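Okay, structure first, notes after.
Indexing begins at 1, ligand by ligand and atom by atom, following the structure's order. It should be emphasised that the depicted structure is a prediction, and the values quoted were computed from it without experimental measurement. By convention here, the first residue in the shown sequence is residue 1. Below, all heavy atoms of this structure are taken into account, side chains as well, without hydrogens, waters or symmetry copies.
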Amino acid sequence: MLQKKALVIGAGIAGIATAIRLAVKGYQVNVFEANSYPGGKLSQFSNDGFRFDAGPSLLTMPQYIDELFKLAGKTPADYFNYRQLYVICHYFYEDGKSLKAYANADKFITEAESVTGEPAAGIKKYINNSRRIYNITNHVFLERSLHRLKTYLRWDTLKSIINLPHIDAGRTMHNANADYFNDQHLIQLFDRYATYNGSNPYTAPATLNVIPHLEQHYGAYFPEEGMYSIVTALVKLAKDMGVTFHYNSRVQEVVLDEDKADGVKVNGQLIKADVVVSNMDVWFTYHRLLKDYPHLHPKKILGQERSSSALIFYWGINKQFAQLNLHNIFFSADYKAEFNHIWKQNNIYHDPTVYLNISSKYKPDDAPPGCENWFTMINVPANTGQDWNTLINTARQNILTKLSRLLGEDIAPLISCERILDPRSIESQTSSYQGSLYGTSSNSRFAAFLRHANKSSKIKNLYFCGGSVHPGGGIPLCLLSAKIVSEWVD
Ligand code: FAD
C-alpha cells in the first residue's frame with residue numbers, strides 16, 4: 001500500500017509535534033517553514049557572549065513533551081532533560097514587600113500567609129478551587145476537540161459538562177480573587193495568571209483561575225539546555241522518525257481541488273498531499289493561503305479580539321544580582337490602570353508590571369562570568385498600528401527607573417548589549433496576526449467555544465494546530481492541539 005503523505009505548514013512547536021505524531025501513524029511527513037530555523041516563537045539568539053531564549057521562558061506540563069518521545073518508542077532523557085524549580089517565581093511589590101512562590105504548596109502557603117497576612121486556610125481553599133476547575137475542564141476544554149461529536153459521547157466529558165455550572169464562568173478572575181482574599185498583593189499575584197494566555201483579569205472569566213493549579217500542582221521546570229532545547233530535541237526526534245524539514249520555504253497557497261485540500265504551493269511549485277496541517281496563525285492561513293476563497297473564511301471566528309502581545313528588552317548585564325531568581329515579577333502599583341491601558345487605551349501604562357527572566361541563574365554559560373542575561377518583558381497591546389517607536393522609548397525609560405528603584409542600583413550603565421522584540425517584529429518573524437502571543441484572547445466566557453477548530457468544517461483534509469486554534473496558546477496547549485489533530489486524521 002502507498003504511504004500516505006502529510007504536509008505541515010510551519011515548524012512552530014505544534015507543527016513539529018504534529019509532524020512527529022503523524023510520522024508515528026505511518027505518514028510520510030514534510031514540514032515547510034518560512035524561517036531559516038525551526039521553533040517559531042520558541043527561538044533563541046546570541047549577542048556579545050550572552051545567549052537568550054527569545055520567546056517562552058516558563059516550561060509547565062513537560063509530560064506532554066515526554067509523551068512524544070514515548071509515543072515514538074524512545075527514551076525522553078536520551079533527547080531532553082529538565083529540572084523542577086524550587087522557587088517558581090519571586091514577586092516584588094512597589095511597597096517594598098516581596099514574596100517567593102515556592103513549588104511546594106505548603107511552603108508557598110506559609111510564605112504567602114507571612115507576607116500578606118491572608119490566613120493559610122483561605123489560600124488552601126483557593127488552591128483547592130483551582131484544582132476543582134481543572135478536574136472539570138481539562139477533558140472538555142483542553143485535551144479533546146470541542147468540535148467532534150465523539151468528544152461528547154464519552155462518560156468523562158459528560159461528567160464534566162454536568163459540572164460546568166461549577167467552573168465559575170459567571171464572574172471575572174479579578175472579582176473571584178477579590179472575593180477570596182482581602183490582601184491586594186495576593187489578589188494581584190493570582191490576577192497575573194490571566195497574562196499566561198494574554199488576557200485581562202478584569203474581564204476574563206474566573207474559570208481561568210485554573211491556571212495556578214497547572215503551575216502549583218504539576219510544577220514549573222527549566223530545560224537543562226535552555227528553552228530552545230525543546231525545539232532541538234523534538235526536531236531531532238522528528239528527523240529520527242523520518243520527517244523532512246524544508247527551511248526558507250514559505251507556503252504561498254493551500255491548493256484546493258473542489259472542496260478538498262490537495263496540497264500546497266511553495267516557490268511556485270505544487271506539492272500534493274493527503275493531509276495538510278497549518279501551524280501558521282489561523283488568521284493568516286485564511287488571509288494569505290486561502291485568500292482567493294473568502295466565502296470559505298469563518299469570519300466571526302477570525303474577527304475575534306486577539307490576545308495581548310509583548311515588548312521585550314534582551315539585556316546583557318555586567319553584574320550579578322543575588323536577590324533575583326530565574327523568574328521575577330516587579331508588579332505595577334496599579335494593576336487595573338495597567339490593564340486599562342493595554343485593553344482600552346491600546347497603549348502602555350507608565351508603571352508596567354515587569355517580568356524579568358534570567359536563564360543564566362540556572363545555566364551559567366548563558367552569560368559571561370560575573371554577568372547575567374536579562375529577558376525583560378512587559379505586556380503590551382496587540383499591534384494595531386500604534387506609534388511603537390515612541391511607546392518603546394518611553395517604556396524603556398520607565399522600566400529602567402522602576403528596576404533601578406526596586407533593586408537599589410542604577411541599571412542603565414550595566415547594560416552591555418541590547419536587542420528588542422515588539423509586536424511588529426513578533427508579527428513579521430512568526431506570522432502571528434497583530435503580534436499576539438497566544439492567538440485570540442480569553443476575555444470572554446465564550447472564548448473557548450469560539451476558537452477555531454483543529455479541522456476545517458468546509459475544506460476536507462485541512463487541519464489546524466498551534467496557539468491560534470483550539471485549545472489555545474502556550475507550549476502545553478500547542479502540544480495538545482497536535483494530539484487532537486493526529487487523533488482526528490485518519
Ligand atoms: P508559532 O511559534 O507561532 O510558529 C508558527 C511557525 O509557522 C513560524 O515558525 C512561522 O515562521 C511559520 N509560518 C508562518 N507562515 C508560514 C508559511 N506561509 N509557510 C511556512 N511557514 C510559515 N508559552 C509558554 O508556554 N510559556 C511562556 O513562558 C511563554 N512566553 C512567551 C513569550 C513570548 C515573547 C512569546 C512570543 C510567546 C510566549 N509563549 C509562552 C507562547 C508560546 O511561545 C506560543 O504559544 C507557542 O510557541 C506557539 O507555537 P505555535 O505552534 O502556535 O507556532
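With no hydrogens or angles considered, no side-chain donor-acceptor pair links Arg306 and Tyr438 at under 3.5 Å. Side-chain contact, Asn443 with Asn200: no donor N or O sits under 3.5 Å from an acceptor N or O. A donor and an acceptor atom, one from each side chain of Tyr193 and Glu215, are located under 3.5 Å apart. Side-chain contact, Thr353 with Glu338: a donor N or O sits under 3.5 Å from an acceptor N or O. At a cut-off of 3.5 Å, with distance as the only test, a side-chain donor of Thr390 or Asp387 sits close to an acceptor on the other residue. Side-chain contact annotation: Arg144 with Asn138, donor-acceptor N/O pair under 3.5 Å absent. Defined by atom type and a distance below 3.5 Å, a donor-acceptor pair is present between the side-chain atoms of Tyr82 and Asp66. The closest side-chain donor-acceptor pair between His470 and Asn454, if any, does not fall under 3.5 angstrom.
Applying the 4.0 Å criterion to heavy atoms of Glu33 picks out, from ligand 1, the atoms 6 (C), 7 (O), 8 (C), 9 (O), 10 (C), 11 (O), 12 (C), 20 (C), 21 (N). Numbered from 1 in the order shown, with element, the atoms of ligand 1 that lie under 4.0 Å from a heavy atom of Phe32 read 20 (C), 21 (N). Close approach of ligand 1 to Ala14 is summarised as follows: ligand atoms under 4.0 Å from at least one heavy atom of the residue are 51 (O). For ligand 1, the atoms lying closer than 4.0 Å to a non-hydrogen atom of Ile13 are 47 (O), 49 (O), 51 (O). For ligand 1, the atoms sitting less than 4.0 Å from at least one non-hydrogen atom of Gly467 are 52 (O), numbered in the order shown with element in parentheses. Shown in contact with Gly40 at under 4.0 Å from a heavy atom are these atoms of ligand 1, numbered in order with element: 2 (O), 4 (O), 8 (C), 9 (O). The atoms of ligand 1 that sit less than 4.0 Å from any heavy atom of Asn279 are 5 (C), 50 (P), 51 (O), 52 (O), 53 (O). In the vicinity of Gly10, heavy-atom distances shorter than 4.0 Å reach the ligand 1 atoms 7 (O), 12 (C), 21 (N).
When non-hydrogen atoms are compared, ligand 1 lies under 4.0 Å from the side chain of Ser431 (C-beta onward) but not from its backbone. Of the heavy atoms in Ile312, only side-chain atoms (C-beta onward) come closer than 4.0 Å to ligand 1. With a 4.0 Å cut-off on non-hydrogen atoms, Tyr196 does not touch ligand 1 at all. Only the side chain of Pro476 comes within 4.0 Å of ligand 1, counting heavy atoms alone; its backbone N, CA, C and O stay farther away. Heavy atoms of Cys478 found under 4.0 angstrom from ligand 1 belong exclusively to the side chain.
Residue, atom and distance of the protein heavy atom nearest to atom 42 (C) of ligand 1 are Pro56 CG, 3.8 Å. Protein heavy atom in closest approach to atom 35 (C) of ligand 1: Leu437 CD2, 3.7 Å. Nearest non-hydrogen protein atom to atom 15 (N) of ligand 1 is Met280 CG, 3.2 Å. For atom 45 (O) of ligand 1, the nearest non-hydrogen atom of the protein is Gly474 N, 2.8 Å. Scanning all protein heavy atoms for the shortest distance to atom 41 (C) of ligand 1 gives Tyr438 CE2, 3.4 Å.
Counting heavy atoms from C-beta outward, Tyr218 and His213 have side chains that approach closer than 4.5 Å. Using a 4.5 Å cut-off on side-chain heavy atoms (C-beta onward), Phe375 and Ser359 make no contact.
Inclusion of Ala34 in the set of residues having an N or O under 3.5 Å from an N or O of ligand 1 is warranted. At under 3.5 Å, a nitrogen or oxygen of Ile475, whether backbone or side chain, sits near a nitrogen or oxygen of ligand 1. Checking only distances, Leu58 does come within under 3.5 Å of ligand 1, N or O to N or O. For a threshold of 3.5 Å applied to N or O pairs, the pair formed by Lys41 and ligand 1 contains at least one separation below that value. Considering backbone and side-chain atoms alike, Val251 places an N or O below 3.5 Å from some N or O of ligand 1.
In this structure, Ser468 has no heavy atom closer than 4.0 Å to ligand 1. Put simply, no part of Ser309 is less than 4.0 Å from ligand 1, judged by heavy atoms. The closest approach between a heavy atom of Pro38 and any atom of ligand 1 is not below 4.0 Å. Heavy-atom distances between Ser57 and ligand 1 reach below 4.0 Å in at least one pair.
Proximity of the aromatic rings of His90 and Phe92 is defined here by a centroid distance below 6.0 angstrom, and this criterion is met.
The option with the heavy atom closest to atom 53 (O) of ligand 1, from among Cys465, Gly12, Ser278, is Gly12.
Contacts of His297 classified as ring-ring contact (aromatic ring centres under 6.0 Å, His included), with partners at least two apart in sequence or in another chain: Tyr286, His287.
For Arg288 and Phe284, the positive end sits near the middle of the six-membered ring, less than 6.0 Å away and at most 45° from its axis.
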Got a list of side-chain donor-acceptor pairs under 3.5 Å for residues 477-488, not counting sequence neighbours?
unit_1, atom_1, unit_2, atom_2, d
Ser481, OG, Gly466, N, 2.9
Ser481, OG, Cys478, O, 2.6
Lys483, NZ, Glu67, OE2, 3.1
Ser486, OG, Lys483, O, 3.1

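Between His327 and Tyr355, the angle of the ring planes stays under 30°, which puts this pair in the parallel group of the 30/60° scheme. Between Phe80 and Phe69, the ring planes lie parallel to each other; the angle is under 30°, not in the 30° to 60° tilted range.
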